[in-house]
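Structure first, then comments.
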Amino acid sequence: MDAFANGRGLQLHSAPPQAGAKEPATAFPQVHRGQLITLQVNLGYRCNQACSHCHVNAGPSRTEMMDPATLALIPPVLAARQLACLDLTGGAPELHPQFRELVAAARRLGVEVIDRCNLTILSEPGQADLAGFLADQGVTVVASLPCYAAENVDRQRGSGVFERSIEALRQLNALGYGQPGSDLNLQLVYNPQGPTLPPPQAELEANYRRVLATDFGVVFTSLYAITNMPIQRFASWLQAQGQLEAYRSLLQNKHCGRNLEQVMCRSLISVDWQGWLYDCDFNQQLDLPAAGRPKRHLSELLEWDPQGDSVAVADHCFGCTAGGGSSCGGALSRAAD
């Protein structure tokens, strides 16, 4: 890592602005970044699943993956910016060959590490000791489980996924994840099955707790209810159903202004698999760079503090402020749906 500790030897600092590029027209209010707390890194698009709601179009055939030189910049950036959290996503981030090396390096710095886990990865070949590694490192597991009914999960994520997910949750529970009094946090993630807003998060969490405990003996720390964004694979599905514009209108009509203070782009910056920076993971998938700027590279965070900068917004941003709001950490408020 030393060759890249201060960004020297890396030529990719910023991409030239596109000719005639301008901000997308939108009614969404302007947002400015506060103190940067979280570095969210997409390690690549390879995944052992191909979910219908996936906003990054991840799947088994994807080959994009962060190279070692870019990955080596992450610990120095965490230290330089004194960040509290490294949020690892994908695809399945665990499929990156340096996933464990990166996790261990971040934990040595005292940084919280979040693994956005699809659960079935724990039963993939070569991953038998993954759950134990996550527990040993004290990693927070944010696990996708879009419903507590097998039929609904398998429809959205593939045949047999629910059963494999339950077995993974039991494995994590056996290691202490989600258990009362444990510091091993297991957060479940709910996504709606179609073009609707999530139900109130607290009510949904209570239902999850009751069904998972009674029917499967599974416990967890808390539940995140996340709104599906009308981009990429989910947008294509909506378009095929003739519901894309109606869903976009729903999000805009349900906008709640008080959610703006808590939207994730105010404290998080997103890094794609090539090291380019975006205001959030959704903007990353739309290749929408920060407002008024050409693309910037991860290496620039070694010296640049983005606090106070404008955030690039567009109509999809209403997905974060509609109803109770939505972020990578679940609902933002108790606003009515």
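Note that the structure is a prediction, hence the values are computed from the model and not measured.
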Item to complete: Nearest 0.5 Å please: distance from the CG atom of L95 over to the CD1 atom of I121.
Response: 3.5 Å
Practice prompt. Can you measure from OG1 (T321) to CG (L332) and round to the nearest 0.5 angstrom?
Written response: 8.5 Å
Practice prompt. Answer whether the closest heavy-atom distance between the side chains of L298 and V41 falls below 4.5 Å.
Written response: no
Worksheet item: Are R170 and E167 within salt-bridge range, i.e. N to O under 4.0 Å?
Response: yes
Worksheet item: Where the side chain of S182 meets the backbone of G178, is there a donor-acceptor pair that is under 3.5 Å apart?
Response: no
Fill in: Verify same cluster id: V111, L43 (apolar side-chain graph, 4.5 Å)
yes
Worksheet item: Hey, quick one: are L119 and Y224 part of the same hydrophobic cluster, counting side-chain heavy atoms closer than 4.5 Å, chains of contacts allowed?
Response: no
Discussion item. Looking at every heavy atom in both H297 and G275, which two are closest together, and how far apart are they?
Written reply: CD2-O, 3.4 Å
Fill in: Any H96 side-chain heavy atom under 4.5 Å of L102 side chain
no
Worksheet item: Around Q241, counting heavy atoms of other residues, nucleotides and ligands shown, do more than 12 lie under 6.0 Å from its CD?
Response: yes
Fill in: Side chains of L73 and L302 in contact at under 4.5 Å (non-hydrogen atoms)
yes
Worksheet item: Do E300 and K295 sit within salt-bridge range, that is, some charged N less than 4.0 Å from a carboxylate O?
Response: no
Worksheet item: Do the side chains of L197 and F318 join up, straight or via other hydrophobic residues, at under 4.5 Å, putting them in one cluster?
Response: yes
Worksheet item: If you group Ile, Leu, Val, Met, Phe, Trp and Tyr by side-chain heavy-atom gaps below 4.5 Å, do V113 and L130 land in one group?
Response: yes
Item to complete: Report yes if some heavy atom in the side chain of D115 is under 4.5 Å from a heavy atom in the side chain of V103; otherwise report no.
Response: no
Response to the item:
Between T196 and Y247 the two heavy atoms that sit nearest each other are N-CE1, 3.8 Å
Worksheet item: Taking C-beta and beyond as the side chain, do M264 and F282 meet within less than 4.5 Å on heavy atoms?
Response: yes
Worksheet item: Can you list the steps and then say if D129 with R100 is a side-chain contact (heavy atoms from CB on, under 4.5 Å)?
Response: CA-CA 11 Å; D129 61 341; R100 300 190 190 198; 3.0 Å; yes
Item to complete: Let me see the working for D309 and D279 under side-chain contact (heavy atoms from CB on, under 4.5 Å), right down to the final yes or no.
Response: CA-CA 10 Å; D309 285 3; D279 292 315; over 6 Å; no
Discussion item. Are V271 and L277 packed together at the side-chain level, in the sense that at least one heavy-atom pair is separated by less than 4.5 angstrom?
Written reply: yes
Worksheet entry | Gap between atom OG of S326 and atom CG of L251 - 0.5 Å precision | 9.5 Å
Discussion item. If we ignore hydrogens and angles and just use 3.5 Å, is the side chain of Y208 paired with the main-chain N or O of C147 as donor and acceptor?
Written reply: yes
Item to complete: State, yes or no, whether a side-chain contact exists between L122 and L172 at a heavy-atom distance under 4.5 Å.
Response: yes
Worksheet item: Using 4.0 Å as the upper bound for N to carboxylate O, is an ion pair formed by R116 and D281?
Response: no
Worksheet item: More than 12 heavy atoms of other residues, nucleotides or ligands under 6.0 Å from CD of Q307: is that the case?
Response: yes
Discussion item. If I compare all heavy atoms of F99 with all of E94, which pair ends up nearest, and what's the gap?
Written reply: CG-CA, 3.7 Å
Worksheet item: Going by atom types only, do E112 and T140 share a side-chain donor-acceptor pair under 3.5 Å?
Response: yes
Worksheet item: Looking at L184 and A135, what are the two nearest heavy atoms and their distance?
Response: CD2-O, 3.8 Å
Fill in: Minimum-distance pair of heavy atoms, taken over all atoms of A128 and Q171
O-NE2, 3.9 Å
Discussion item. I need the minimum non-hydrogen distance between Y278 and D272, along with the two atoms involved.
Written reply: CE1-OD2, 3.6 Å
Item to complete: Using modelled atom types only, decide if a donor and an acceptor are shared between the side chain of N173 and the backbone of V219 within a distance under 3.5 Å.
Response: yes
Fill in: Check: P192 main-chain N/O paired with N228 side-chain donor or acceptor under 3.5 Å
yes
Worksheet item: Same cluster or not: are F216 and L169 linked, directly or through other Ile, Leu, Val, Met, Phe, Trp or Tyr residues, by side-chain heavy atoms under 4.5 angstrom apart?
Response: yes
Worksheet item: Between the main-chain N or O of L268 and the side-chain N or O of R33, is there a donor-acceptor pair closer than 3.5 Å?
Response: yes
Fill in: Expected output: side-chain D87 to main-chain Q40 donor-acceptor under 3.5 Å
no
Practice prompt. Check for a donor-acceptor pair, side chain of E205 on one end and backbone N or O of L223 on the other, with a separation under 3.5 Å.
Written response: yes
Worksheet item: Is the side chain of R164 donor-acceptor paired with the backbone N or O of T120 at a distance under 3.5 Å, no angle test?
Response: yes
Worksheet item: With a cut-off of 6.0 Å (strictly less than), are more than 12 heavy atoms of other residues, nucleotides or ligands near CD of E163?
Response: no
Discussion item. Donor-acceptor pair, distance only, cut-off 3.5 Å: does the side chain of E64 make one with the backbone of Y45?
Written reply: no
Discussion item. Quick check: do L244 and P230 have side-chain heavy atoms less than 4.5 Å from each other?
Written reply: yes
Worksheet item: Counting distance only, does the side-chain N/O of H316 pair as donor-acceptor with the main-chain N or O of M229 below 3.5 Å?
Response: no
Discussion item. Determine whether L260 and F28 satisfy the following criterion, side-chain contact (heavy atoms from CB on, under 4.5 Å), listing intermediate values before the conclusion.
Written reply: CA-CA 10 Å; L260 288 169; F28 195 83; 3.6 Å; yes
Item to complete: Please step through side-chain contact (heavy atoms from CB on, under 4.5 Å) for the pair R266 and V31, ending with a clear verdict.
Response: CA-CA 8 Å; R266 300 198 74 243; V31 176; 3.8 Å; yes
